[in-house]
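Below is one structure, written out as structure tokens, with a few remarks after it.
Chain identifiers are assigned alphabetically (A, B, ...) following the order of the sequence lines, protein sequences preceding nucleic acid strands; residue numbering begins at 1 within each chain. If you're wondering where the values come from, they're calculated on a predicted model, not measured in any experiment.
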Amino acid sequence: MPISRAWSSGFSRVRSELRLCRGVRGLLLCAVAGATGAMAGMPDTTRQAALVHMVREDCGSCHGLTLRGGLGPSLLPVSLQRLTAEDVAAVILHGRPGTPMPPFLGILDADEAHWIAHQLRQGFPQEPARP
Amino acid sequence: MSLLRKLLSTGLMLLAAASAMAAEVPEPRGSGDLGIVVERASGSVLVIDTSAMAVLGRVEGLGDLSHASAVFSRDQRYAYVFGRDGGISRIDLLTRTLAGRVVQAGNSIGGAISQDGRMVVAQNYEPGGLKAFDAQTLAPLADIPADYGEGRRARVVGLTDLADGRFAYALFDAGEIRVTDLHDPGHPQTRRFPAGKSPYDGLATPDGRYYIAGLFGEDGLALLDLWQPEKGVRKVLQGYGRGQEPLPVYKMPHLRGWSVANGRVYLPAIGRHEVLVMDMANWQEVGRIPVRGQPVFVMARPDGREVWVNFAFPDNGAVQVIDTLDNRVTDTLEPGRAVLHMEFTPRGEAVWISSRDDDRVAIYTTGTHALLKVLPAKSPSGIFFSARAVRSGF
């Protein structure tokens, strides 16, 4: 099963990187992983709107506008059940080696990746309707 | 009332009735200069006129149109739009109405129309495989699962029509090129060819002789000679990345719609900000052209004098033009934010470019690259003109 191997090896790699970075940004990551969902360093509302647009439209080129999947897997809450928000944020930032999922580090910062991960797990917001 | 007056008034009434009838009959027109612009977020398409450079109307109710593509009936009256949600919508370009729709899969990526125009074929991710439908009624004709391994089904990419009712495509998960003969849709015949790791799209050359699949998982492309398929797949442009770490790819390149110009094939590199140039006589690399970002569409102008290139996020605000004599970038345009697609008019005097985030389509003349006109569209993506009906592989 090459795909599941890629999954697990990708995750163990990013998990170990996260442990490293937890030292630096420990407060933030713990806050994100916390059950309350309260987040330090949450993107402001303008940036949130830009992130929603980016996920729906640009991530949507592989995962679909509805995030039900395409070349990339489904990103609906039911599909992400077995992953923590931390896992999801790690995949966003570092990609999944051996698959087409690219790293977004440099385009997104850790706060933004965590905000997106959190929203995905809750059911990702729609873009506001256009006139 | 005198007889004369009676006759006169009857005559006038008849005249009035005749002119009213004439007003109800629409002016006959051709459809060779019509086309559609996909509005991806709203599940609608605009019907456009490339001669008038105008929007004629909007057709709605087409479902999820992220990654939608279209083919045309050979009379160029109907567009078949393949949506992400597995929907196939048949649109009458003349009446601008939905003339049929089926939802045939859970997750679809595009489709093709047979050489004789009688059959449309969808390429599906979920469940992985092909499905063929009658082009007039959309009644199902054939179901060809993309089986591989033990009971698994692969996602289908790069579907293209070939001569004699055959179709070529590639399987992303199974690393194969397949050719299915649908000449007799009741008895589809499929041949399988190992192709390489993770083919992400494919194209057939204009004569339909060669099928080329781009490989995501390998530094190279897979080439199949469809006139001599028994010779199997040959790898070309192997090692074009020269062992360097690939750059992140934020959108998969598209190969569909050949870009053959001046005896050469122009192809997007993957994980490199380059357009690769290959000589069709011997399939050797003859050059690589540095460009702005990860190329997505590399499209030859119909006469082959230029190749126009757009890019993946985050460089998707630019379009670059390559001169095919010099093989270098001669112009960089900024048609708007998030350029998703380009389409040349049938003989190539103009190109229409969609800008998703600026809600518009920009029309440029290909002679001087001057902006001719801007049309409003809601989150536009693919642009497809009816002249595709007469080109194999479109």
Side-chain angles (χ1 to χ4, degrees), chain A residues 1-7 10 14 46 49-76 78-79 91-109 112-113 116 124-131, chain B residues 39-43 63-68 83-86 106-110 124-126 149-150 152 155-157 172-175 197-201 216-217 245-254 270-271 294 296 312-316 337-338 340 356-357 359 376-379 381:
Chain A
M1 302 283 156
I3 286 181
S4 44
R5 255 209 313 277
W7 262 107
V14 292
T46 309
L51 294 176
V52 169
H53 182 71
M54 188 190 125
V55 171
R56 288 270 168 207
E57 300 289 341
D58 293 304
C59 304
S61 66
C62 279
H63 296 281
L65 262 180
T66 58
L67 305 178
R68 286 168 59 231
L71 197 63
S74 160
L75 302 179
L76 298 179
V78 65
S79 316
V91 171
I92 293 170
L93 288 174
H94 302 282
R96 274 174 65 195
T99 79
M101 177 65 190
F104 281 79
L105 195 65
I107 289 172
L108 299 172
D109 65 25
E112 293 166 340
I116 291 169
F124 203 76
Q126 295 291 335
E127 284 197 77
R130 289 161 187 252
Chain B
E39 296 183 310
R40 68 196 297 272
S42 50
D64 178 359
L65 294 185
S66 54
H67 208 291
R84 168 72 86 181
D85 57 3
N107 198 323
S108 184
I109 195 71
N124 296 325
Y125 277 179
E126 182 56 51
E150 286 181 17
R152 309 178 73 178
R155 289 170 285 185
V156 175
V157 298
F172 181 79
D173 308 286
K197 195 166 174 228
S198 306
Y200 64 88
D201 202 2
F216 183 82
E245 187 68 18
L247 297 166
V249 177
Y250 293 108
K251 180 172 179 163
M252 280 287 184
H254 286 60
I270 193 149
Q294 167 67 53
V296 175
F313 175 88
D315 299 303
N316 53 5
R337 292 175 298 156
L340 293 189
R356 184 193 68 202
D357 289 354
D359 291 314
K378 292 190 282 188
S379 199
S381 57

Got a list of side-chain donor-acceptor pairs under 3.5 Å for residues 60-75 of chain A, not counting sequence neighbours?
| from | atom 1 | to | atom 2 | distance (Å) |
| --- | --- | --- | --- | --- |
| A/Ser61 | OG | A/Asp58 | O | 2.9 |
| A/His63 | ND1 | A/Pro73 | O | 2.7 |
| A/Arg68 | NH2 | B/Gly106 | O | 3.3 |
| A/Ser74 | OG | A/Leu76 | N | 3.2 |
| A/Ser74 | OG | A/Ser79 | OG | 2.6 |

Exercise. Could you tell me whether a side-chain N or O of B/Tyr250 sits under 3.5 Å from a main-chain N or O of A/Met101, the two making a donor and an acceptor?
Key: no
Quiz item: If you look at every heavy atom in B/Phe172 and A/Pro100, which pair is closest and at what distance?
Solution: CZ-CG, 3.9 Å
Quiz item: Just how far is it from atom CZ of A/Arg56 to atom CZ of B/Arg40, taken to the nearest 0.5 Å?
Solution: 11.0 Å
Practice problem: Quick one: pull up CD in A/Glu127 and OG in B/Ser379 and give me the separation to the nearest 0.5 Å. | Solution: 7.5 Å
